[in-house]
**Q** 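What follows is a structure written as structure tokens; I'll ask about it next.
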Amino acid sequence: MPTLYKRDSPPLITEKGWAWKETEGTLVFDVAPEATKTEVKQAVEALFKVKVSAVRTANVVGKERRRGKFAGFRPDWKKA
């Protein structure tokens, strides 16, 4: 199993994530695509020394990006 620091990154600071933090008391993380809910819960509890009640995850599909006539895709990622 990879270390906890490779499993989780610092919380994402976005407008939507900040609104969730203020209203629901939740944080948003960019996690490894192969991370499970149990692994994310254990990592957050170990790193921040808090009790996690629930973990929600979503696989985000990378968007197509164009530079003139050249097209490419941003990488897929998972948020929890």
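No experiment lies behind these values; they were computed from the predicted model shown.
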**Q** Can you name the residues that form a side-chain contact (heavy atoms from CB on, under 4.5 Å) with S53, not counting sequence neighbours?
**A**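 So S53 forms no side-chain contact (heavy atoms from CB on, under 4.5 Å) with any residue.
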**Q** Salt bridge (charged side-chain N to carboxylate O under 4.0 Å, His left out) with R67: which residues, sequence neighbours excluded?
**A**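 Expected list: none.
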**Q** Looking only at heavy atoms, which two atoms of E34 and E39 are closest? And how far apart?
**A**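 Shortest heavy-atom contact: O-OE1, 4.0 Å.
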**Q** Would you tabulate the side-chain donor-acceptor contacts of residues 70-80 under 3.5 Å, counting partners in other chains and residues two or more places apart, or write 'none'?
**A**
from: D76; atom 1: OD1; to: G62; atom 2: N; distance (Å): 2.6
from: K78; atom 1: NZ; to: A35; atom 2: O; distance (Å): 2.7

**Q** Please check this pair: side chain of E45 against backbone of Q42, looking for a donor-acceptor N/O pair closer than 3.5 Å.
**A**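 The answer is no, because no donor-acceptor pair under 3.5 Å joins these two groups.
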**Q** Where do K41 and V55 come nearest, in terms of heavy atoms and distance?
**A**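 Scanning both residues completely, I find the closest heavy atoms to be CB-CG2, 3.8 Å.
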**Q** Give, for atom OG1 of T57 and atom CZ of F29, the distance between the pair rounded to the nearest 0.5 Å.
**A**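 These two atoms lie 14.0 Å from each other.
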**Q** Can you pull out every salt bridge (Lys or Arg N to Asp or Glu O under 4.0 Å) where at least one residue sits in residues 54-65? Sequence neighbours excluded, please.
**A**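 Qualifying pairs: E24-R56.
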**Q** Would V50 and V31 show up in the same hydrophobic cluster when neighbours are defined by side-chain heavy atoms closer than 4.5 Å?
**A**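 Yes; V31 is reachable from V50 via cluster members.
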**Q** Which residue pairs pass the salt bridge (Lys or Arg N to Asp or Glu O under 4.0 Å) test with at least one member in residues 10-20, sequence neighbours excluded?
**A**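 Sorted pair list comes back empty.
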